[in-house]
**Student:** 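Can you read through this structure? Questions will come right after.
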Amino acid sequence: MLNNLEKRLRWIADSTFIGLLLVIMIVRVGPSPIGKPWVGWVYDAARVFPKTTSYLSYSPLPVLIAKTIGEPRTLVWWGLFGLILILWFVAVMRRLRDLFPDHYRIVQIIFAASQVVMLETTHIGHYDNISVIAASLVFLWDSTWLIYIGALLAAGANSYMSFATGICVLVLYLGTKEKRHLKIGAIWTIVSAAMLIGLHVWLNGPASNTRENIVLHQVGSVVKGAFGVWSFIFLAVLGPLWFLYVWLIAQPEWSFGPVTKFRKLCVIKGTVIIPMLMSFFILDHTRIGVVVGGLPLFLYLLPELKLHLKRIGSLKEFKFPVLSTMLIVWIIYPAIIVDNAGVFRLPYAKFISLVSGG
């Protein structure tokens, strides 16, 4: 059975393969737009901007989008971001083919199975969509201009999270010693810090509206709730990619040089530990860790995949049904996101509730 499926997966057209991944991605977790109240808060912020209404006033990009397109019906907002999601997914899949000409279908499954993509599917219309797209501009293309564009987009979506992402990339750099990682981390951190300072000076809103104030006041209750679901927080940060991540970390040689305990620890801190700690201590839990850790994670994963896949030959030389096995593991692995107050995000339940009006 696996071998027959493998033959089909290897020989179907690229567009069909991408479509299959897209269908699995959506069916596996269910279509789940961000709630109507959240969109309403964005619209409230857009009406009086630059005056502040809530913490969303400090996310100028979605606010300005709402102001520009005239605050359409919520369904239109979801549809716009849903269309962007599909176009982005197809663009990423095509870019991965260019980067991995001999193994692109393996890497396409890996990316589609990541929590980064799952987050996009379960938060359609959220500013996290912008943050993830911004990060992909950097780990998929090698361009200084795109680093600045990505940093501006991410900071405009949520400058607090983009600042944390920059710190994670700088910690990653301590392990990889890649100058590009230093550049990305520095630009991401500086742009985010400048955006944070500028927004606080310009908006001059009540201290209770800022994210840092909200997080500090919630941390006690959040930690109590997080202890009950800590194992799921752990599983949800990388999702099915845990298997690949552990295997790569355990390799005796990395693409950026010899492996030492210090370098390994820095890589693990930048890609997993810091994002996981943020998932534990902040109310929205794993959504935070996935967004913050997405950029450093793929900055680490993609070069390692290129190195090790090259060593074991092209996909045509694989006798093991690698594609079909990866698809099955991805489908079987539980689609976990630990959400607000330690509750599991249940996309299908939310979708049914929206449709039924419940």
**Student:** Do you know the tightest heavy-atom contact between A157 and P62?
**Tutor:** CA-CD, 4.2 Å
**Student:** Taking the side chain as every heavy atom from C-beta outward, state whether L5 and P321 have any atom pair closer than 4.5 Å.
**Tutor:** no
**Student:** Please find out if less than 6.0 Å separates the ring center of Y58 from that of Y160.
**Tutor:** no
**Student:** Got more than 12 heavy atoms from elsewhere within 6.0 Å of NZ, K183?
**Tutor:** no
**Student:** Less than 4.5 Å apart, side chain to side chain, heavy atoms only: is that true for P72 and Y43?
**Tutor:** yes
**Student:** Using the side chain to side chain donor-acceptor pair (under 3.5 Å) criterion, which residues pair with K306? Sequence neighbours excluded.
**Tutor:** none
**Student:** Looking at E178, E304, K310, which hits side-chain hydrogen bond (donor to acceptor under 3.5 Å, both in side chains) with S255?
**Tutor:** E304
**Student:** Considering only heavy atoms from C-beta outward, does the side chain of H103 approach that of L96 to under 4.5 Å?
**Tutor:** no
**Student:** Sequence neighbours excluded, which residues qualify as side chain to side chain donor-acceptor pair (under 3.5 Å) partners of W330?
**Tutor:** none
**Student:** Using a 3.5 Å distance criterion without hydrogens, assess whether the side chain of Q115 forms a donor-acceptor pair with backbone atoms of V237.
**Tutor:** no
**Student:** Heavy-atom distance under 4.5 Å between the side chains of Q251 and H308, does that happen here?
**Tutor:** yes
**Student:** Under a 3.5 Å distance rule, please check whether T189 uses its side chain to pair with a backbone N or O of G185 as donor and acceptor.
**Tutor:** yes
**Student:** Roughly how far, to the nearest 0.5 Å, is the OG atom of S114 from the CG atom of L119?
**Tutor:** 9.5 Å
**Student:** What verdict does the side chain to side chain donor-acceptor pair (under 3.5 Å) test give for T53 and W41, after you've listed the backbone C-alpha separation in whole Å, the side-chain angles of each residue and the deciding distance to 0.1 Å?
**Tutor:** CA-CA 8 Å; T53 58; W41 298 338; over 6 Å; no
**Student:** Please determine which of T16, V322, L327, I109 meets the side-chain contact (heavy atoms from CB on, under 4.5 Å) test together with L9.
**Tutor:** L327
**Student:** Do N129 and I84 come close enough that some side-chain heavy atom pair is under 4.5 Å?
**Tutor:** no
**Student:** Look only at the side chain of E253 and the backbone of V259, and say whether a donor-acceptor pair between them is shorter than 3.5 Å.
**Tutor:** no
**Student:** Is it the case that atom NZ in K264 sees more than 12 heavy atoms from other parts of the structure closer than 6.0 Å?
**Tutor:** yes
**Student:** Using the side-chain hydrogen bond (donor to acceptor under 3.5 Å, both in side chains) definition, which of the options E6, K7, R10 pairs with S324?
**Tutor:** E6
**Student:** I'd like to know whether the aromatic ring centres of W77 and F81 sit less than 6.0 Å apart in this structure.
**Tutor:** yes
**Student:** Would you list the pairs meeting salt bridge (charged side-chain N to carboxylate O under 4.0 Å, His left out) in which at least one residue belongs to residues 54-64, sequence neighbours left out?
**Tutor:** none
**Student:** Would you please test V138 and R180 for side chain to side chain contact (heavy atoms under 4.5 Å, CB included) and show each step?
**Tutor:** CA-CA 10 Å; V138 176; R180 183 167 178 264; 4.1 Å; yes
**Student:** So that I know where these two stand, are Y300 and W254 an aromatic pair - ring centroids less than 6.0 Å apart?
**Tutor:** yes
**Student:** With side chains defined as the heavy atoms from C-beta onward, is the minimum distance between I34 and Y127 less than 4.5 Å?
**Tutor:** no
**Student:** Between E120 (side chain) and V132 (backbone), is there a donor-acceptor pair under 3.5 Å?
**Tutor:** no
**Student:** With rounding to the nearest 0.5 angstrom, report the OG to CG distance, S15 to L20.
**Tutor:** 11.5 Å
**Student:** I'd like to know whether I133 forms a side chain to side chain contact (heavy atoms under 4.5 Å, CB included) with L153, so could you lay out the CA-CA distance, the side-chain angles of the two residues, the decisive distance to 0.1 Å, and finally the verdict.
**Tutor:** CA-CA 9 Å; I133 292 171; L153 289 173; 5.5 Å; no
**Student:** Using the ring centroid of each side chain, check whether F234 and W242 are separated by less than 6.0 Å.
**Tutor:** yes
**Student:** Flag the pair R287 / M161 as yes when at least one side-chain heavy-atom distance between them is below 4.5 Å, and no otherwise.
**Tutor:** yes
**Student:** Quick check: does any side chain N or O of T121 sit under 3.5 Å from a backbone N or O of V117, one acting as donor and the other as acceptor?
**Tutor:** yes
**Student:** Would one find more than 12 heavy atoms of other residues, nucleotides or ligands at under 6.0 Å from atom CZ of R94?
**Tutor:** no
**Student:** Roughly how far, to the nearest 0.5 Å, is CD1 of I130 from OG of S162?
**Tutor:** 12.0 Å
**Student:** What pairs with T260 under side chain to side chain contact (heavy atoms under 4.5 Å, CB included), at least two apart in sequence or on another chain?
**Tutor:** F262, R263
**Student:** What pairs with R95 under side chain to side chain contact (heavy atoms under 4.5 Å, CB included), at least two apart in sequence or on another chain?
**Tutor:** D98, L99, L140, W141
**Student:** Between T52 (side chain) and S54 (backbone), is there a donor-acceptor pair under 3.5 Å?
**Tutor:** no
**Student:** For I190, enumerate each residue passing the side chain to side chain contact (heavy atoms under 4.5 Å, CB included) test, keeping only those at least two apart in sequence or located in another chain.
**Tutor:** none
